[in-house]
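Data first, discussion second: the structure below is written as structure tokens.
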There are 2 protein chains.
Amino acid sequence: MKIHVLAQRTDLTPSAIRFYEKEGLLDARHVQRGQNNYRDYYEEAVEHLLMIRKVQAVGFTLAELKEVIQAYEVNDLPLSKKIELLNQKMQEIDRKKDELEQVHAHLARMLANKMALMDSIEKGSQPK
Amino acid sequence: MKIHVLAQRTDLTPSAIRFYEKEGLLDARHVQRGQNNYRDYYEEAVEHLLMIRKVQAVGFTLAELKEVIQAYEVNDLPLSKKIELLNQKMQEIDRKKDELEQVHAHLARMLANKMALMDSIEKGSQPK
DNA sequence: CTTGACCTTCAAGTATACTTTATAGTTTAG
DNA sequence: CTAAACTATAAAGTATACTTGAAGGTCAAG
């Protein structure tokens, strides 16, 4: 699959995909070069890029992402360290879940406030 | 409370707090100026800044945050629009929760893979 | 066999979220 | 009453995550 097609399927731009590759987020499992030097992507790359987008959307940096990807794939790290890193990142996700819930609760309080204000207006009374 | 104290209590720098103010994320509810022109913060500012940090940690931008804060406080927006915006943001949070769970599941699969590898090594068999 | 739509690399430009530096005024401790 | 430790503003610098532009190679259609 050529870069333009992958871009469409992941809602990214070809430039962004090349950028991720330069940053070390894509490897031989995802891309290969044709005889013309064009990048040729495997089907696997689609899911990989969609995962990158999700990871980004929840506030992780590309550097953190690269750390996990490399820790997983590269063989110069002891298995125990890889497992440790994965567990640590999963804990970070749990923290982020808590934070999301706190933000949600905050917005819900703001909403309740406005709803109450709206009700009082409907009833014809004059709010502050 | 002076800016240095607020900074310590929120784990931010004074510069960052001034920056947030310049970006319109803090208003009269949170700061006032003394006769010496020094900023004087209310207790409320602590929670407000901690909430800003949480919102940032889960992937929202300061621009989005400002939109919600202003929509809530500023009076030139109809109440119905404010309610709409709050509901929309709460939906975005729900989406982010889903994304967090997907990323968590992905990491869990990676972890399971490594754990299995570790088990096979312990048993003395030779993994690939 | 050329035109347009791709592809390549590399460098420079942009937005966001700050930090750092410079310059200057204020407050507090000894 | 002076020196350290704050405070202020403004402007420039930095890191991250891209985008845009330049200059050129490749491919598919007519």
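Chain identifiers are assigned alphabetically (A, B, ...) following the order of the sequence lines, protein sequences preceding nucleic acid strands; residue numbering begins at 1 within each chain.
- By the criterion of side-chain heavy atoms lying less than 4.5 angstrom apart, applied directly or through intervening Ile, Leu, Val, Met, Phe, Trp or Tyr residues, B:Val5 is grouped together with B:Phe19 in one hydrophobic cluster.
- In this structure, CZ of B:Arg39 is placed 15 Å from P of C:dT26, rounded to the nearest angstrom.
- In this structure, CG of B:Leu25 is placed 10 Å from P of C:dC18, rounded to the nearest angstrom.
- Using a 4.0 Å heavy-atom distance criterion, A:Thr61 is classed as a sugar-phosphate-only contact.
- Counting heavy atoms from C-beta on, the side chains of A:Leu12 and A:Tyr20 come closer than 4.5 Å.
- Applying the side chain to side chain donor-acceptor pair (under 3.5 Å) test between B:Arg39 and each of B:Gln32, B:Glu21, B:His30 identifies B:Glu21 as the sole match.
- A straight line from CG of A:Asp11 to P of D:dT19 spans 11 Å, rounded to a whole angstrom.
- Residue A:Arg18 contributes atom CZ, which lies 16 Å from atom C1' of C:dA12 at whole-angstrom precision.
- Residue A:Lys66 contributes atom NZ, which lies 11 Å from atom P of D:dT16 at whole-angstrom precision.
- When distances are taken from the side chain of B:Lys2 to each of D:dT19, C:dC6, C:dT28, the shortest belongs to C:dT28.
- Picking from D:dA8, D:dA17, C:dT8 the nucleotide with the shortest atom distance to the side chain of A:Leu62 gives D:dA17.
- Between B:Thr13 and the phosphate of C:dC18, there is no side-chain N or O to OP1/OP2 separation shorter than 4.0 Å.
- Rounded to 10°, the helix from C:dC1-D:dG30 to C:dG30-D:dC1 has 10° between the axis fitted to its first five pairs and the one fitted to its last five.
- Among the atoms of the strands shown, only primed sugar atoms or phosphate atoms (P, OP1, OP2) are found under 4.0 Å from some heavy atom of A:Gln35.
- Checking each of B:Arg109, B:Met115, B:Met110 against A:Leu86 for a side chain to side chain contact (heavy atoms under 4.5 Å, CB included) leaves exactly one that passes, namely B:Met110.
- In this structure, A:Asn37 places its CG atom 16 Å from C1' of D:dA23, rounding to the nearest Å.
- The only option from A:Glu84, A:Glu92, A:Met90 that meets the side chain to side chain contact (heavy atoms under 4.5 Å, CB included) definition with A:Gln88 turns out to be A:Glu92.
- Nearest nucleotide to the A:Phe19 side chain, out of C:dT19, C:dT26, D:dA17: D:dA17.
- Note: OH (A:Tyr20) to C1' (D:dA17) measures 7 Å, nearest angstrom.
- The 5' end of DNA chain C is approached more closely, in terms of each residue's nearest nucleotide, by B:Ala63 than by the other of B:Ala63 and B:Asn36.
- The nucleotide whose nearest atom lies closest to any side-chain atom of B:Arg33 is, among D:dT9, D:dC18, C:dA17, D:dT9.
- Residues A:Val55 and B:His106 form no side-chain contact, since every pair of their non-hydrogen atoms from C-beta on lies 4.5 Å or further apart.
- Taking the ring centre of A:Phe60 as origin, the terminal cationic atom of A:Lys96 falls inside the region bounded by 6.0 Å and 45° from the ring axis.
- Distances were taken from every side-chain heavy atom of B:His4 (C-beta onward) to each of D:dT26, D:dT19, D:dC6; the shortest belongs to D:dC6.
- In this structure, A:Leu65 places its CG atom 14 Å from P of D:dT16, rounding to the nearest Å.
- Annotation: of the two residues near DNA chain D, A:Ser15 and B:Val5, the 5′-most nearest-nucleotide partner is B:Val5.
- The side-chain heavy atoms of A:Tyr41 and A:Leu49, taken from C-beta on, include no pair separated by under 4.5 Å.
- For B:Gln56, the listed nucleotide lying nearest its side chain is C:dC18; candidates were D:dC18, C:dT20, C:dC18.
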